[in-house]
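By convention in this document, chain letters (A, B, ...) are assigned in the order of the sequence lines, proteins followed by strands, and residues within each chain are numbered from 1.
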Amino acid sequence: MKDYLQQEVQLEGWVYNIRSSGSVQFILLRDGTGLVQAVASRQALSPESFALAKRLTQEASLRLRGRVREDARSPGGVELEVSDLELVGPSQDYPITLKEHGTAFLMEHRHLWLRSLRQTAILRVRATIVKAMRDYMDGQGFTLVDAPILTPAAVEGTTTLFPVEYFNETAYLSQSGQLYNEATCMALERVYCFGPAFRAEKSNTRRHLTELWMMEPEAAFFTYEDNLRLQEGLICSIVEQVLTHRSRELEALQRNSDALRKVMAPFPRITYDDALQLLAEGGLELPWGEDLGAPQEAFLSCRYEKPVFLTHFPVACKAFYMKPDPLRPEVTLSADLLAPEGYGEIIGGSERIDSLELLEERIRQHNLPMELYRWYLDLRRFGSVPHAGFGIGVERTVAWICGLEHIRESIPFPRMLEKMYP
RNA sequence: UGCCUGGUAGCUCAAUUGGCAGAGCGGCUGGCUGUUAACCAGCAUGUUCGAGGUUCGAGUCCUCGCCAGGCAGCCA
């Protein structure tokens with residue numbers, strides 16, 4: 001707006017709020033770029049137009065024409081002096097006011113809640129995070145390769161999938177593109193997939209969705225160590241891009257950006273064994289071999305100012321395809337990345353098993369149907385190489401970077417346990 | 001799925017020991033020539049989540065159910 005001072009312009013948007021002072025109506029207009037104050041005064045308008053201005057309601061859509069001028073009394077320092085206004089679409093009894101609302105009410109009206117300043121800020125940060133992820137991977141020589149959504153079997157088990165009628169068979173919504181990435185990385189060496197994943201878990205927490213978006217890189221000839229360095233670079237790049245391009249949004253979200261500025265490589269690494277030690281000192285003892293619970297993860301996540309890698313989990317805690325450490329076969333060459341400030345896991349990854357015999361053994365141990373993994377085992381039959389990869393959850397990353405209390409705000413239309421409307 | 005908390009006007013909430021159903025916001029009507037979640041005056045708004053029970057009397061107590069929020073489990 002500041003570039004258009006003293007010029008005649010036309011604005012299209014929605015009424016965010018109205019304030020009135022007799023012969024002057026102050027219209028706070030919202031459009032795709034932000035808010036601006038428009039001033040409609042009796043003296044500058046026709047009687048019909050001024051009458052229309054007096055009748056405006058929250059979220060009515062408008063087309064305004066007028067001159068841009070500076071005024072210190074306007075929020076933002078500039079305002080539009082309205083010379084003509086046109087009602088595009090009326091809005092009666094808009095349910096969401098500028099006052100307080102409860103979570104349940106807002107979620108029922110998610111389609112309208114998205115118009116709020118806070119939600120639009122989150123959506124913009126989310127878009128920047130997604131772009132930063134893709135730009136970084138592209139810059140590292142990775143090729144975007146889409147993985148299928150409809151799949152014949154579970155990647156990691158069979159209990160958490162959504163079944164879908166597929167002609168005369170049952171298909172399942174993908175919970176991860178990982179196995180398909182392992183195939184495509186043998187073609188293109190460095191690949192990543194980006195898309196939704198579906199999990200039918202009965203999880204009812206602030207960190208779980210049934211429909212989530214993941215970016216999953218996979219690279220041939222990548223080692224465990226290469227994998228961690230790629231993750232550090234990716235996270236630093238995401239944070240940097242958001243700090244650079246979305247400072248206004250972070251401010252609108254009242255996000256403490258100093259905390260984000262501390263995110264610089266290298267990230268601390270602690271092994272599972274060390275983590276158990278730290279947890280014991282913090283009064284959160286866990287027997288060796290047990291996976292971390294939410295309190296354990298939060299404890300470790302709050303202990304550092306940067307994201308922290310949790311490495312070398314016991315084989316029993318992890319997916320069947322994760323490669324055991326040659327020096328300690330009871331643990332895996334895996335790492336989870338925990339975001340700081342209590343946000344917890346945002347990345348899970350590992351080097352993968354490249355031996356045919358070991359992979360067959362693991363599939364049997366996990367009671368998975370060998371027949372469905374025939375193609376996957378082929379990858380170890382024809383030029384198997386060491387390879388590694390990971391998956392980063394978009395919503396958990398958004399929640400952390402935006403400082404959200406609940407993951408439901410990190411995606412436009414969250415899908416949660418038994419909650420699908422709107 | 002378990003535990004905890006809650007469900008009262010469109011929204012956010014109040015209602016003392018079981019004793020008249022109430023406020024702010026929003027809506028409507030009017031006022032105001034610089035408002036900043038504007039302000040001022042007035043008006044309207046109820047299946048107190050549902051079913052049953054105790055009681056002279058239930059928003060309040062009891063039982064069951066439904067829904068929501070939080071935590072945990074499950075889960076990358």
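Rounded to a whole angstrom, the distance from the C1' atom of B:rA58 to that of B:rA21 is 13 Å. Rounded to whole Å, the separation between the C1' atoms of B:rC43 and B:rU48 comes to 24 Å. Spacing of C1' atoms, B:rC4 relative to B:rG22, comes out at 29 Å, to the nearest Å. Rounded to whole Å, the separation between the C1' atoms of B:rG26 and B:rU45 comes to 11 Å. Nucleotides B:rG24 and B:rC67 place their C1' atoms 26 Å apart, quoted to the nearest Å. Going from the C1' atom of B:rU47 to that of B:rC25 covers 24 Å, rounded to whole Å. Atom C1' of B:rG19 sits at a distance of 11 Å from the matching atom of B:rU60, rounded to the whole Å. The P atoms of B:rU17 and B:rG6 are separated by 16 Å, rounded to the nearest whole Å.
The base of B:rG73 lies outside donor-acceptor range of the side chain of A:Arg207, with no N or O pair under 3.5 Å. For B:rC75, its base sits under 3.5 Å from the side chain of A:His208 at one donor and acceptor pair at least. No hydrogens or angles were tested; on distance alone, nothing pairs the side chain of A:Gln58 with the base of B:rG27 as donor and acceptor under 3.5 Å. The base of B:rC32 is paired with the side chain of A:Ser20 by a donor and an acceptor separated by under 3.5 Å.
Spacing between atom CD1 of A:Ile96 and atom P of B:rA37 amounts to 19 Å, rounded to whole angstrom units. Residue A:His101 contributes atom NE2, which lies 11 Å from atom P of B:rC13 at whole-angstrom precision. When the C1' atom of B:rC75 is taken as reference, atom CG of A:Asp336 falls 12 Å away, rounded to whole Å. Spacing between atom CG of A:Leu98 and atom C1' of B:rU12 amounts to 14 Å, rounded to whole angstrom units. Distance, A:Lys99 NZ to B:rG27 C1': 15 Å, rounded to whole Å. If you take CG of A:Leu417 and P of B:rG2, they are 12 Å apart, rounded to a whole angstrom. Between the OH atom of A:Tyr94 and the P atom of B:rA37 there is a distance of 19 Å, given to the nearest Å. When the P atom of B:rA72 is taken as reference, atom CG of A:Leu284 falls 12 Å away, rounded to whole Å.
Heavy-atom distances under 4.0 Å link RNA chain B to A:Gln37, A:Gln43 of residues 36-46 of chain A, given in residue order.
The listed nucleotides are B:rU12, B:rU33, B:rG73; the one nearest the side chain of A:Phe105 is B:rU12. Of the candidate nucleotides B:rA68, B:rA37, B:rU33, B:rU33 has the atom lying nearest to any side-chain atom of A:Ser23. Listed candidates were B:rC32, B:rG34, B:rG27. Nearest to the side chain of A:Lys54 is B:rC32. Distance from the side chain of A:Arg73 is smallest for B:rG34 among the nucleotides B:rC11, B:rG34, B:rA72. Closest to the side chain of A:Glu100, from the set B:rA68, B:rU12, B:rU35, is B:rU12. Which of B:rA72, B:rC75, B:rG34 sits closest to the side chain of A:Arg199 comes down to B:rC75. For A:Ser203, whose side chain is taken as the heavy atoms from C-beta onward, the closest listed nucleotide among B:rA37, B:rG73, B:rG26 is B:rG73.
B:rG18: no Watson-Crick or G-U partner with both key distances under 3.5 Å is found in any strand. Pairing for B:rC3 is with B:rG70, a Watson-Crick or G-U wobble pair whose two hydrogen-bonding atom distances lie under 3.5 Å. Using N1 to N3 plus N6-O4 or O6-N4 for Watson-Crick, or N1-O2 and O6-N3 for G-U wobble, each under 3.5 Å, B:rU63 pairs with B:rA51. Base pairing of B:rC43: its partner is B:rG27, meeting the Watson-Crick or G-U wobble criterion (both donor-acceptor distances under 3.5 Å).
In summary, the side chains of A:Tyr321 and A:Glu182 do not present any donor paired with an acceptor at a separation below 3.5 Å, with no hydrogens or angles considered. A donor and an acceptor atom, one from each side chain of A:Arg73 and A:Gln37, are nowhere located under 3.5 Å apart.
Put simply, A:Ser21 has no side-chain N or O that comes within less than 4.0 Å of OP1 or OP2 on B:rU35. Between A:Lys419 and B:rG69, a side-chain N or O to OP1/OP2 separation shorter than 4.0 Å is present.
Shown are A:Tyr376, A:Trp375, A:Tyr192; of these, the ring-ring contact (aromatic ring centres under 6.0 Å, His included) with A:Tyr180 is made only by A:Trp375. Screening A:Thr332, A:Asp354, A:Thr223 for a side-chain hydrogen bond (donor to acceptor under 3.5 Å, both in side chains) with A:Lys323, the sole residue that qualifies is A:Asp354. The salt bridge (Lys or Arg N to Asp or Glu O under 4.0 Å) test with A:Arg207 is passed by exactly one of A:Glu395, A:Glu405, A:Glu345, A:Glu297: A:Glu297.
Nearest approach of A:Ala171 to A:Leu150, heavy atoms of both residues: CB-CD2, 4.3 Å. Here the closest heavy-atom approach between residue A:Arg362 and residue A:Pro324 is recorded as NH1-CG, 4.0 Å.
Counting non-hydrogen atoms under 4.0 angstrom, A:Gly393 reaches nothing in the nucleic acid. Within the nucleic acid shown, A:His406 comes within 4.0 Å of sugar-phosphate atoms alone, with no base atom in reach, counting heavy atoms only. Counting non-hydrogen atoms under 4.0 angstrom, A:Gly349 reaches nothing in the nucleic acid. No engagement by A:Arg55 is indicated, since no non-hydrogen atom pair under 4.0 Å with the nucleic acid exists. As judged by a 4.0 angstrom heavy-atom cut-off over every strand, A:Pro95 is placed among residues making no nucleic acid contact. If you check every strand for non-hydrogen atoms under 4.0 Å, A:Arg69 touches a base. When heavy atoms are screened at a 4.0 angstrom cut-off, A:Glu108 is found touching no nucleic acid atom at all.
A salt bridge links A:Glu225 to A:Arg229: one of the charged nitrogens lies within less than 4.0 Å of a carboxylate oxygen. Using a cut-off of 4.0 Å between Lys/Arg side-chain N and Asp/Glu carboxylate O, A:Arg328 and A:Asp273 are scored as salt-bridged.
For residues 214-223 of chain A, the salt bridge (Lys or Arg N to Asp or Glu O under 4.0 Å) pairs, not counting sequence neighbours, are A:Glu218-A:Arg352.
Checking A:Pro75 against A:Pro295, the closest nucleotide of RNA chain B that is more toward the 5' end is the one next to A:Pro75. Residue whose closest nucleotide on RNA chain B sits further toward the 5' end, between A:Thr205 and A:Ala104: A:Ala104.
Applying the side chain to side chain contact (heavy atoms under 4.5 Å, CB included) test to A:Arg115 and every residue at least two apart in sequence or in another chain returns A:Trp14, A:Arg30, A:Glu59, A:Tyr94, A:Leu112.
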